[in-house]
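Report on the structure given below.
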2 protein chains.
Amino acid sequence: MATLKDISAELGLSVATVSRALNGFPEVSARTRARVQDVADRIGYKPNRIAQRLVTGRSGMVGFIAKLNADMTADQTFLEILTGLTAALAERDVDLVLSVDQHDDPVTVYERMLERGILDGFILNAPVPNDPRVAFLQSRGIPFVMHGQSEQVVDYPFYGIDNRAVSRDAVSLLATLGHRRIALLNGDIRFSFAIDREQGFREAIAEEGLNTPEAFIGHETPSESYGYTEALAMLSGRRGTKPTAIICGSTLIAAGVMRAAKDLGLSVPSDLSLIAHDDALPQFRAVNFDPPLTVTRSPLRDACSPLANHLIDHISGGDAETLQSQIRAELIVRESTGPVPKGGTDPWP
Amino acid sequence: MATLKDISAELGLSVATVSRALNGFPEVSARTRARVQDVADRIGYKPNRIAQRLVTGRSGMVGFIAKLNADMTADQTFLEILTGLTAALAERDVDLVLSVDQHDDPVTVYERMLERGILDGFILNAPVPNDPRVAFLQSRGIPFVMHGQSEQVVDYPFYGIDNRAVSRDAVSLLATLGHRRIALLNGDIRFSFAIDREQGFREAIAEEGLNTPEAFIGHETPSESYGYTEALAMLSGRRGTKPTAIICGSTLIAAGVMRAAKDLGLSVPSDLSLIAHDDALPQFRAVNFDPPLTVTRSPLRDACSPLANHLIDHISGGDAETLQSQIRAELIVRESTGPVPKGGTDPWP
DNA sequence: CGAAAAACTCAAAACGTTTTAAATACCGAT
DNA sequence: ATCGGTATTTAAAACGTTTTGAGTTTTTCG
């Protein structure tokens with residue numbers, strides 16, 4: 001492996017000058033810089049990252065901890081995040097150290113990884129209200145970035161979508177189409193994203209002067225079967241007057257709802273309007289539904305690059321407040337939403 | 001962060017002695033070692049990996065590259081491996097650096113990770129015949145351990161099960177029960193494990209003096225639906241005389257076969273015997289099948305610790321030949337296998 | 001008791017880089 | 001020629017560890 005010393009020896013320069021030349025410092029002459037660059041290219045010089053890290057005090061590695069469900073499965077979004085994240089980090093020459101959390105206590109794994117002392121920071125996802133990981137990492141002064149937000153105003157970097165707006169936009173679209181009985185099949189309510197969606201839903205419903213009984217607001221870890229069984233219960237009339245529209249927390253849930261509608265002989269969108277939030281996971285494409293799904297869309301993959309950049313910038317001293325972004329999901333109207341069916345215009349009491 | 005210097009200052013020893021004391025060198029007195037250890041524990045000393053690496057050339061990090069399918073999903077075993085591996089590596093104070101492979105060329109990701117120069121070695125899984133990753137890493141002299149084997153005799157560390165024996169054991173059990181028409185629903189035949197299973201299957205079938213037409217030997221990426229559609233085709237009689245027993249590459253496939261049998265009104269095991277290979281994934285428990293599945297069982301989780309240890313030992317100079325283990329899957333007879341049904345005793349022509 | 005051997009400890013070099021502080025070269029103006 | 005200043009380069013320190021070669025102490029044994 002070629003080193004700075006090799007280059008400096010060949011040119012009769014000091015290693016300091018060579019280092020500066022290659023790192024674009026302004027005080028080195030153009031002629032010298034060119035000569036250095038030439039030799040470096042010729043002998044295929046690659047800086048030794050370990051040595052760089054020893055002197056700069058940074059490791060160029062960040063941690064990510066996968067939280068498994070009780071049944072040892074990962075949340076369907078995990079892989080997508082992982083893929084995008086490693087790519088985005090690699091772009092800025094940072095590596096991802098992974099660990100898997102099988103513990104009950106959410107912070108012990110972070111503690112253990114920190115003890116090894118090789119991480120510059122963490123990427124957190126799936127926040128819950130008053131997330132204990134946040135308190136822990138802040139108490140240790142460890143930089144991190146959060147995917148999603150747990151509170152309205154925070155003092156750490158994050159990137160996420162406006163989840164209240166997601167529900168608002170969905171309700172607003174359906175209300176415009178004349179719907180008065182709108183149900184919600186939300187994700188796991190322990191997580192902030194689902195709490196925000198539900199809150200946005202309730203707000204929007206109230207603003208439209210409507211009402212949705214509790215029996216028509218559900219929440220659970222997204223799965224096709226959850227969508228199916230809940231929709232079956234709601235649409236069969238067992239729980240009271242059935243809804244004319246359902247808002248789903250994910251396309252996976254929507255798939256189940258679709259199947260339930262089919263089994264009950266209901267057609268989408270003439271008997272039932274359907275709108276889902278779409279993370280744009282490659283396995284489950286909303287456009288491939290029959291009919292194509294109306295969605296609030298925000299590709300999970302799009303979050304990875306900002307997350308990586310926010311974190312790295314923060315580690316390099318960037319101000320937390322300037323490294324926060326909340327973006328708005330895009331409302332894409334396709335064919336699973338339509339005017340309220342005749343005879344379905346009465347609101348719930 | 002506490003350093004060797006802190007300890008040496010506190011005790012009035014040299015850093016050299018402190019280093020030796022902590023690393024178990026023989027030439028330091030028991031008393032000194034104890035004093036050093038005490039202080040180290042008290043101030044929570046952790047060696048700086050980066051500094052260690054600079055001088056020893058080792059980093060205490062190994063790479064693992066997740067290969068995604070075309071549809072961006074991971075193979076169902078991925079998470080299980082990941083969980084076990086991070087735990088087993090942590091046990092020996094080694095970290096796992098993860099990357100995700102979205103490329104066509106299987107070695108480019110390895111090359112890119114290597115360029116950064118921070119990895120001691122790799123853990124490879126899902127080998128294919130003449131695996132290009134093996135050739136690549138060997139040409140660079142990078143240590144690695146393989147989960148599974150691609151060839152009969154190799155010169156690198158591995159841990160895996162005897163896949164030919166898996167099929168042999170299954171066929172042998174079924175033959176003993178009187179079955180003469182045994183079908184195989186194998187995993188993706190690009191991978192060595194599936195190739196070996198098929199080879200073992202053919203050998204065992206031949207040894208029993210039997211024959212299985214090509215139409216009854218299938219292979220594909222395991223999924224419930226694959227099991228369902230193939231079993232439906234085989235058991236409906238569309239492909240010729242139907243089998244009395246099916247060997248499945250995974251419990252996932254078996255689930256599909258089970259559903260197909262049910263749809264066709266066949267009961268297991270009186271009309272059809274079923275045996276699957278069981279990786280013991282927590283999501284899909286063979287004992288929870290109805291009837292409980294007869295399996296060749298080899299928990300994927302059991303592979304993680306040996307893999308981690310083989311790799312670390314190899315990195316520390318251990319001989320490749322002594323770091324190879326091939327174990328035998330356990331045959332567990334439950335209730336999905338039974339005597340051949342009356343009238344099903346004719347072999348295929 | 002004294003010398004040789006064994007046991008233990010230390011100072012310093014090394015790994016490859018960045019960065020600080022100091023030195024030298026170059027320039028135009030006196 | 002000399003001065004003051006700027007532009008460029010250098011030597012050396014630093015990061016935290018391991019390891020070499022050389023001490024220093026202690027033990028052993030004649």
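Here is how names work: the chains are called A, B, and so on, in the same order as the sequence lines, proteins then strands, and each is numbered from 1.
You can see that DNA chain D meets the heavy atoms of chain A within a 4.0 Å-exclusive cut from dT8(D) to dG16(D), reading 5' to 3'.
Partners of Phe158(A) according to the ring-ring contact (aromatic ring centres under 6.0 Å, His included) rule, which considers only residues two or more places apart in sequence or in another chain, do not exist here. In terms of the ring-ring contact (aromatic ring centres under 6.0 Å, His included) criterion, Phe193(A) has no residue partners (sequence neighbours excluded). Asp6(A) is linked by a side-chain contact (heavy atoms from CB on, under 4.5 Å) to Ala2(A), Thr3(A), Ile43(A), counting only residues two or more places apart in sequence or in another chain. Checked against ring-ring contact (aromatic ring centres under 6.0 Å, His included), Tyr159(A) has no partners two or more places apart in sequence or in another chain. For Asp120(A), the side-chain contact (heavy atoms from CB on, under 4.5 Å) partners two or more places apart in sequence, or in a different chain, are Arg58(A), Ser59(A), Ile315(A). Partners of Ser19(A) by side-chain contact (heavy atoms from CB on, under 4.5 Å), not counting sequence neighbours, listed by chain and number: Leu4(A), Asn23(A).
No more than 12 heavy atoms of other residues, nucleotides or ligands lie within 6.0 Å of CZ in Arg190(A), so this atom counts as exposed by the packing criterion. Shown here is Asn130(B), whose CG atom has no more than 12 heavy atoms of other residues, nucleotides or ligands within 6.0 Å. Residue Asp41(A) places its CG atom among more than 12 non-hydrogen atoms of other residues, nucleotides or ligands, all under 6.0 Å distant. The neighbour count for Glu91(B) CD, taken as heavy atoms of other residues, nucleotides or ligands under 6.0 Å away, does not exceed 12. Environment of CD in Gln326(A): crowded, with over 12 heavy atoms of neighbouring residues, nucleotides or ligands closer than 6.0 Å.
No donor-acceptor distance shorter than 3.5 angstrom exists from the side chain of Arg301(B) to the backbone of Thr83(B), with no hydrogens or angles considered.
For the contact set between residues 16-40 of chain A and DNA chain C, defined by any heavy atom under 4.0 Å, the members are Ala16(A), Ser19(A), Arg20(A), Asn23(A), Phe25(A). Of all the residues in residues 48-61 of chain B, Leu54(B), Val55(B) reach under 4.0 Å from DNA chain C with at least one non-hydrogen atom. Within residues 1-15 of chain A, the residues having any heavy atom under 4.0 Å from DNA chain C are, by residue number, Thr3(A), Leu4(A).
Residues Lys67(A) and Asp101(A) are paired through a salt bridge, judged by an N-O separation under 4.0 Å between the basic side chain and the carboxylate.
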Quick one, Asp93(B) with Lys46(B), criterion salt bridge (Lys or Arg N to Asp or Glu O under 4.0 Å). Give me CA distance, side-chain angles, the key distance, then yes/no. CA-CA 11 Å; Asp93(B) 242 8; Lys46(B) 294 271 169 190; 5.7 Å; no

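Residue pairs meeting the ring-ring contact (aromatic ring centres under 6.0 Å, His included) criterion with at least one partner in residues 121-142 of chain A, sequence neighbours excluded, are Tyr110(A)-Phe122(A).
The C1' atoms of five pairs define one axis at each end of the helix from dC1(C)-dG30(D) to dT30(C)-dA1(D), and these two axes lie 60° apart (to 10°).
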